[in-house]
Q: 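Take a look at the following structure, please.
Start at 1 and go down the list; that is how both ligands and their atoms are numbered. This one's a predicted model, so the numbers in the text were calculated from it and none came from an experiment.
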Amino acid sequence: MLDFLILFLPQFVFRFINPFNILVMEGIIFDIKHYALHDGPGVRQTVFLKGCPLSCWWCHNPESRGSEPFSFRKEEKIDGHVVAEQETVGRKINVQDLMKEIEKDTLLFEESGGGVTFSGGEPLLQFDFMLEALKRCKSHEIHTCVDTTAYVSKEKLQHIAEFTDLFMIDLKQMDDRLHKKYTGVTNVLILENIRRLDAEGKKIWIRYPLIPDMNDQEENLLKMLAFLQRLKQKPVVSILPYHKIGSHKYKRFGLEYKMNGTYEPEPEQIERVKNLFEQAGFIACVGG
Ligand code: SF4
């Protein structure tokens, strides 16, 4: 019996308990933003995970798309001289170190009703890492929000839902042909996942990136409203007007920028869209 225990007990501990599991569970992130005010309720810490299955034309975080860290040549002009250096986007982090970072803001979360938001990219591409981080946050009673494309399997969403207080999901384009054109993927799975999460009583905020000529047509807005009105709950709708802030990154990273010529929406248009959602009974806000 003693022989048996000596031989198999360590294997059992590592296989089923693995006290070092948390230490070795690593993810790849490309940023952590403290004091974020637009990524969910209260003051938040937003963790940006690398990798995204979509390729939205208007994406202002194109560095999020590839799943691995990458280096690029950064040039700056200092006193009339061009200074170049290699910079890397993305780094590995284990769950334990991530939690140390998150816990720095715990007091702020408590006072503001905030918490942590996992964003990207698509955070659920790093499913095991995400799940572990969410579980750890919940065990510390930290409010959790997952900012997801919802272009993931229903099983993954269901699994993390237990540890997620709020889902933030983009509704980009109701016409599937146009959705494929502008994001590279179908919207069928996304719409199904929103319906499913809603039916299961999960809290959802909808984000609508308002992009002139690509999804601001009346027909698209009316289809979005019809879809949202069929949900059991009335989600908050955040309108995210297109801006060109991230456009310089495309040149820097050697990527094609397809939005040249697209204008930023005027305040009147943004207000009109906000009113439309409000008149239909939704709480609508701009940004966030
Ligand atoms: S889903 Fe978000 S991160 Fe991914 S490409 Fe679209 S805008 Fe960028």
Q: Any heavy atom of Thr149 sitting closer than 4.0 Å to ligand 1?
A: yes

Q: Could you walk me through whether Lys249 and Glu63 pass the salt bridge (charged side-chain N to carboxylate O under 4.0 Å, His left out) check?
A: CA-CA 8 Å; Lys249 294 182 183 176; Glu63 71 271 39; 3.0 Å; yes

Q: Judged by non-hydrogen atoms, does Lys172 sit under 4.0 Å from ligand 1?
A: yes

Q: Checking salt bridge (charged side-chain N to carboxylate O under 4.0 Å, His left out) for the pair Glu200/Arg196: CA distance, chi angles, key distance, verdict?
A: CA-CA 6 Å; Glu200 289 166 1; Arg196 198 175 293 118; 5.5 Å; no

Q: Flag the pair Trp57 / Tyr182 as yes when their ring centroid distance falls below 6.0 Å, and as no otherwise.
A: yes

Q: Phe282 ring centre to Lys234 NZ or CZ under 6.0 Å, with the angle to the axis within 45°?
A: yes

Q: Could you tell me the residue and atom name of the protein heavy atom closest to atom 6 (Fe) of ligand 1, and the distance to it rounded to 0.1 Å?
A: Cys56 SG, 2.3 Å

Q: If we set the cut-off at 4.0 Å for heavy atoms, which region of Cys52 has an atom near ligand 1: side chain, backbone, both, or neither?
A: side chain

Q: Quick check on contacts: which atoms of ligand 1 are under 4.0 angstrom from a heavy atom of Ser64?
A: 3 (S)

Q: Would you mind running through ligand 1 and noting each atom that sits below 4.0 Å from a heavy atom of Gly121?
A: 3 (S)

Q: Between Phe48 and Phe118, is the ring centre distance below 6.0 Å?
A: no

Q: Could you tell me whether atom 8 (Fe) of ligand 1 has an N, O or S atom of Cys59 under 2.8 Å away?
A: yes

Q: Take atom CD of Glu141 as the centre, draw a 6.0 Å sphere, and report whether it contains more than 12 heavy atoms from other residues, nucleotides or ligands.
A: no

